[in-house]
Amino acid sequence: MAEKKNSNLITALLYIVVGILLCVFRSGMLDILFTVAGIVFIVFGVLDLLKKNFVSGAISAGIGLVILLGAWLFVKVVLIVFGVLIAIKGVFALIDALKKKSIIDLLFAALSIVAGVLLAFGNGLDWVFIIGGILLIVNGAMELIGQLGKSDK
């Protein structure tokens with residue numbers, strides 16, 4: 001039972017650490033993740049090539065190079081498309097909210113438009129990482145408090 005408690009404590013602490021990293025580095029975390037993933041694929045590709053697994057090695061090394069050289073371009077395109085779609089949905093929701101004269105619907109429509117514009121044309125990805133980081137910190141803290149509050153039975 002103590003081993004499970006230790007595992008839960010470690011998980012809670014990891015949530016808190018990752019949450020802090022997401023809040024501090026924000027979208028810069030993607031740079032780190034892309035770099036690490038690209039290097040890992042290249043290393044595994046080279047190891048496969050050394051083991052004479054030429055097809056697997058070439059594919060892994062190629063994926064690693066694509067990740068290192070082109071991942072941000074892919075992310076930018078997806079963010080622009082996703083942001084524009086969210087903003088368009090927000091405009092339609094705004095029209096419906098004006099017809100219904102609903103303040104809450106109007107507020108959510110306006111938030112959708114702003115979120116879409118931020119994702120498409122601003123550095124909107126940062127707020128996604130900050131919110132995710134905060135959620136991880138809160139989750140980790142709640143788990144930590146819960147684990148520390150339990151007595152060893």
Minimum heavy-atom distance [X]-[Y], with the two atoms named:
X	Y	result
Ala109	Gly90	CB-O, 3.6 Å
Ile134	Cys23	N-SG, 3.7 Å
Phe34	Leu68	O-CD2, 4.1 Å
Met29	Phe129	CB-CE2, 4.1 Å
Leu136	Leu22	CD1-CD1, 3.7 Å

Path from [X] to [Y] over hydrophobic side-chain contacts below 4.5 Å:
X	Y	answer
Leu144	Tyr15	yes
Val24	Ile130	no
Leu135	Val138	no
Ile32	Ile39	yes
Val66	Ile59	no

Are side-chain heavy atoms of [X] and [Y] found at a separation under 4.5 Å?
X	Y	answer
Lys52	Phe54	yes
Leu119	Ile86	yes
Leu9	Leu148	yes
Leu85	Lys89	no
Lys100	Asp105	yes
Ile42	Ser60	no

Quick check for you: to the nearest 0.5 Å, what is the distance between [X] atom [atom1] and [Y] atom [atom2]?
X	Y	atom1	atom2	value
Ile63	Phe41	CD1	CZ	5.0 Å
Leu21	Leu14	CG	CG	10.5 Å
Leu111	Leu106	CG	CG	10.0 Å
Ile145	Met142	CD1	CE	8.0 Å
Phe25	Leu33	CZ	CG	11.5 Å
Thr11	Asn139	OG1	CG	10.0 Å

Subject >> Residue of the set Val43, Asp48, Leu50 for which side chain to side chain contact (heavy atoms under 4.5 Å, CB included) holds with Val46 >> reply: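 Testing each of Val43, Asp48, Leu50 against Val46, the sole residue satisfying side chain to side chain contact (heavy atoms under 4.5 Å, CB included) is Leu50.
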Original post:
Got a sec: does the CD1 of Ile104 have more than 12 other heavy atoms crowding it under 6.0 Å?
Top reply: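 12 or below, so no.
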